[in-house]
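Input: a single structure, listed below in structure tokens.
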There are 2 protein chains.
Amino acid sequence: MDDGKPPPETPKRSRIQKRNRKRILDAALNVFSQHGYRGATLDQIATEAGLSKPNILYYFDGKEAIHVDLLNTLMAEWLAPLQEMDPEGEPLDELMRYISRKLAMSHAYPRESRLFANEIIQGAPRMGPHLASGLKTLFDEKCALIATWVHHGKLAPVDPGHLIFSIWAVTQHYADFEAQVEVLMPRKTEARAGAEAHVETLFRKLLTPPGYSVRTA
Amino acid sequence: MDDGKPPPETPKRSRIQKRNRKRILDAALNVFSQHGYRGATLDQIATEAGLSKPNILYYFDGKEAIHVDLLNTLMAEWLAPLQEMDPEGEPLDELMRYISRKLAMSHAYPRESRLFANEIIQGAPRMGPHLASGLKTLFDEKCALIATWVHHGKLAPVDPGHLIFSIWAVTQHYADFEAQVEVLMPRKTEARAGAEAHVETLFRKLLTPPGYSVRTA
DNA sequence: TCGTGCCTTTACCAATTGGTAAAAAACATG
DNA sequence: CATGTTTTTTACCAATTGGTAAAGGCACGA
């Protein structure tokens with residue numbers, strides 16, 4: 001009886017393979033996040049990676065394979081902050097901590113943010129299945145968690161799904177629309193600090209339940 | 001003395017020209033908003049418009065000209081709600097009304113939203129000047145207005161620039177990331193109503209100044 | 001009926017696209 | 001160093017890209 005799938009597929013890559021795959025994926029992240037899937041070209045990726053085009057196709061099965069690999073690899077770490085929201089923690093603290101980490105990630109990894117933004121704006125043609133399975137599960141789970149928090153009066157009444165959407169929207173906006181933010185708010189360091197304070201206030205006011213006592217030292 | 005620019009350029013287009021230009025721009029809006037500038041092709045636009053490729057180039061000077069025309073034409077109406085925020089009105093009402101109209105526009109014109117989203121994510125290479133001039137002026141003006149409102153205690157203390165960013169982020173999210181929203185929150189009509197209520201609450205809680213008396217009938 | 005001006009099609013083009021075949025070079029290992 | 005393996009390059013493709021030239025159609029007034 002053949003179980004169909006080959007043994008767990010230990011990558012088992014030589015160090016030169018690891019190095020070049022990393023170079024390619026990094027170059028591809030630059031190009032895909034800037035131009036979207038269809039607007040990106042293998043030549044561009046090759047040039048940016050410092051390799052020849054056929055050499056790139058020696059490491060990956062094609063343009064689409066690179067893109068899919070990127071999406072799969074980055075999805076996990078992109079969702080880590082949400083995943084780590086702790087059912088045992090203090091609800092408001094957990095949510096505010098999540099928001100803060102999400103905003104920090106948008107500032108630290110704008111390319112990743114734009115990669116996903118491009119893919120989803122364009123209808124998520126290479127991510128649809130992933131969304132429906134992995135992401136949806138996590139999303140539903142965390143929605144349920146937030147709902148119980150609300151139910152126990154630990155948070156102000158709020159629609160968990162739309163709450164998550166607005167957290168994503170506000171935090172990722174700074175990465176995805178960086179070009180616009182920079183034009184409209186040129187002093188970068190000030191803008192970043194202001195963003196943090198604003199987002200913190202926005203969601204704290206939304207989520208703080210009525211009659212919540214503020215601990216002042 | 002030649003003033004350099006030709007007379008005000010009355011378009012003076014025949015009805016067949018109007019019809020075909022409209023068809024082309026509509027098709028181009030579909031294609032550009034779905035694939036971004038570089039990912040879009042003239043053939044695709046031509047097919048969608050029901051015209052031949054050379055025929056399209058009879059009406060427009062090239063791919064870029066179509067894209068620029070679209071951006072210019074749509075920019076004005078896209079910014080109309082912000083423009084109409086009235087310095088004479090009641091601050092909180094004006095802002096909440098703006099937010100509501102912005103959300104409605106995202107639902108009614110998702111293609112336009114995605115057109116701009118694509119352009120800005122990709123660094124706004126064909127819109128940079130417009131951003132720096134027209135949009136920045138409007139943005140600064142409205143920021144100043146909001147600042148005076150805050151100063152007079154009509155709104156809770158808030159950074160006007162970041163406030164506008166978060167309004168844009170939250171409202172446009174529903175258009176730009178529609179593919180994701182639909183997967184995670186499948187019941188469309190409920191989702192839309194929920195979005196309205198959530199966004200309303202989010203910003204009303206942020207903006208309502210301390211000690212604001214709620215008028216109950 | 002004949003122009004005349006507007007619109008559309010046909011037939012192209014050079015450049016770029018994603019991708020391949022196969023030789024050549026570099027590398028590892030005995 | 002000899003040998004087999006991994007990596008890289010060279011030389012190509014067929015298809016698609018944005019764009020052009022020029023001939024054809026078509027409506028409409030004289």
Side-chain angles (χ1 to χ4, degrees), chain A residues 6 9-71 115 118-119 122 125-126, chain B residues 9-71 115 118-119 122 125-127:
Chain A
E9 286 276 359
T10 312
K12 204 204 254 171
R13 301 202 227 280
S14 72
R15 82 202 83 83
I16 196 168
Q17 266 175 1
K18 278 191 231 166
R19 170 173 56 85
N20 280 352
R21 282 181 63 98
K22 201 176 297 180
R23 278 186 191 173
I24 292 168
L25 288 172
D26 188 68
L29 178 55
N30 283 336
V31 177
F32 282 131
S33 69
Q34 197 167 50
H35 299 291
Y37 179 75
R38 286 188 45 173
T41 73
L42 281 180
D43 293 272
Q44 230 179 319
I45 296 172
T47 301
E48 198 132 340
L51 298 171
S52 69
K53 184 165 61 175
N55 202 4
I56 285 201
L57 292 166
Y58 170 75
Y59 289 101
F60 288 91
D61 281 339
K63 184 183 175 181
E64 185 160 359
I66 302 178
H67 195 238
V68 169
D69 193 299
L70 262 184
L71 291 172
L115 178 79
N118 265 308
E119 171 70 5
Q122 304 182 4
R126 275 162 297 283
Chain B
E9 286 277 0
T10 312
K12 205 203 252 173
R13 301 201 226 281
S14 72
R15 81 204 88 81
I16 197 167
Q17 265 175 1
K18 278 190 231 166
R19 170 172 56 85
N20 281 353
R21 282 182 62 98
K22 202 177 297 180
R23 279 187 191 171
I24 292 167
L25 288 173
D26 188 68
L29 178 55
N30 284 336
V31 177
F32 282 130
S33 68
Q34 196 167 50
H35 299 291
Y37 179 74
R38 286 188 44 174
T41 74
L42 282 179
D43 293 272
Q44 231 180 319
I45 295 172
T47 301
E48 197 132 339
L51 298 171
S52 68
K53 184 166 61 176
N55 203 3
I56 285 201
L57 292 167
Y58 170 76
Y59 289 101
F60 288 90
D61 281 339
K63 182 183 176 182
E64 185 160 358
I66 303 177
H67 194 238
V68 169
D69 193 300
L70 263 184
L71 291 172
L115 178 79
N118 266 308
E119 172 71 4
Q122 304 182 5
R126 275 162 299 282
M127 230 177 53

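In what follows, chains carry the letters A, B, and so on, assigned in the order in which the sequence lines appear, proteins first and then strands, with residues in each chain numbered from 1. As the structure is a prediction and not an experimental result, all values here were calculated from the model. Quick note: numbers below take in every heavy atom, side chains included, and nothing from hydrogens, waters or symmetry partners.
Atom C1' of nucleotide C/dC7 and atom CD of B/Q17 are separated by 9 Å, given to the nearest angstrom. Rounded to a whole Å, the CD1 atom of A/I66 is 14 Å from the P atom of C/dT17. Taking atom CD on B/Q44 and atom P on D/dT16, their separation rounds to 13 Å, with Å as the unit. A/K18 places its NZ atom 12 Å from the P atom of D/dT7, with the value rounded to the nearest Å. Between the CD1 atom of B/I45 and the P atom of D/dT16 there is a distance of 17 Å, rounded to whole Å.
One end of the helix from C/dT1-D/dA30 to C/dG30-D/dC1 points its axis 0° away from the other end's axis, with each axis taken from 5 pairs and the angle rounded to 10°.
By the 30° and 60° cut-offs, the orientation of the rings of B/Y37 relative to B/H67 is tilted.
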### Message
If you apply the rule side-chain contact (heavy atoms from CB on, under 4.5 Å), what do you find for B/Y59 with B/I66, and how did you get there?
### Response
CA-CA 9 Å; B/Y59 289 101; B/I66 303 177; over 6 Å; no
### Task
Show your working on side-chain contact (heavy atoms from CB on, under 4.5 Å) between A/Y58 and A/L51 and close with a plain yes or no.
CA-CA 11 Å; A/Y58 170 75; A/L51 298 171; over 6 Å; no
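Considering only heavy atoms from C-beta on, B/N118 comes within 4.5 Å of A/N118 through its side chain. The side-chain heavy atoms of A/V31 and A/T41, taken from C-beta on, include no pair separated by under 4.5 Å. In this structure, the side chains of A/I45 and A/K53 stay at 4.5 Å or more apart for every pair of heavy atoms.
Side-chain nitrogen and oxygen atoms of A/N20 include none within less than 4.0 Å of the OP1 or OP2 phosphate oxygen of D/dT6. Between B/S52 and C/dT8 there is no side-chain polar atom (N or O) within less than 4.0 angstrom of OP1 or OP2. Considering only side-chain N and O atoms, A/N55 lies nowhere under 4.0 angstrom from the phosphate OP1 or OP2 of D/dT10. Applying the 4.0 Å criterion to OP1 and OP2 of C/dC7, one finds that B/Y58 has a side-chain N or O inside that range. Of the side-chain N and O atoms in B/Y59, one or more sit less than 4.0 angstrom from OP1 or OP2 of C/dT8.
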Contacts under 3.5 Å, N or O only, protein and nucleotides 18-27 of chain C:
{"unit_1": "C/dG18", "atom_1": "OP1", "unit_2": "A/A40", "atom_2": "O", "d": "3.1"}
{"unit_1": "C/dG18", "atom_1": "OP1", "unit_2": "A/L42", "atom_2": "N", "d": "3.4"}
{"unit_1": "C/dG18", "atom_1": "OP1", "unit_2": "A/K63", "atom_2": "NZ", "d": "3.3"}
{"unit_1": "C/dG18", "atom_1": "OP2", "unit_2": "A/L42", "atom_2": "N", "d": "2.9"}
{"unit_1": "C/dG18", "atom_1": "N7", "unit_2": "A/K53", "atom_2": "NZ", "d": "2.9"}
{"unit_1": "C/dG19", "atom_1": "OP2", "unit_2": "A/K63", "atom_2": "N", "d": "2.9"}

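Put simply, CG on B/N20 and NZ on B/K22 are 11.0 Å apart, with the number rounded to the nearest 0.5 Å.
One N or O on the side chain of B/K63 and one on the backbone of B/A40 form a donor-acceptor pair closer than 3.5 Å.
Scanning all heavy atoms of the two residues, the minimum distance from A/L25 to A/L70 falls at O-CD2, 3.8 Å.
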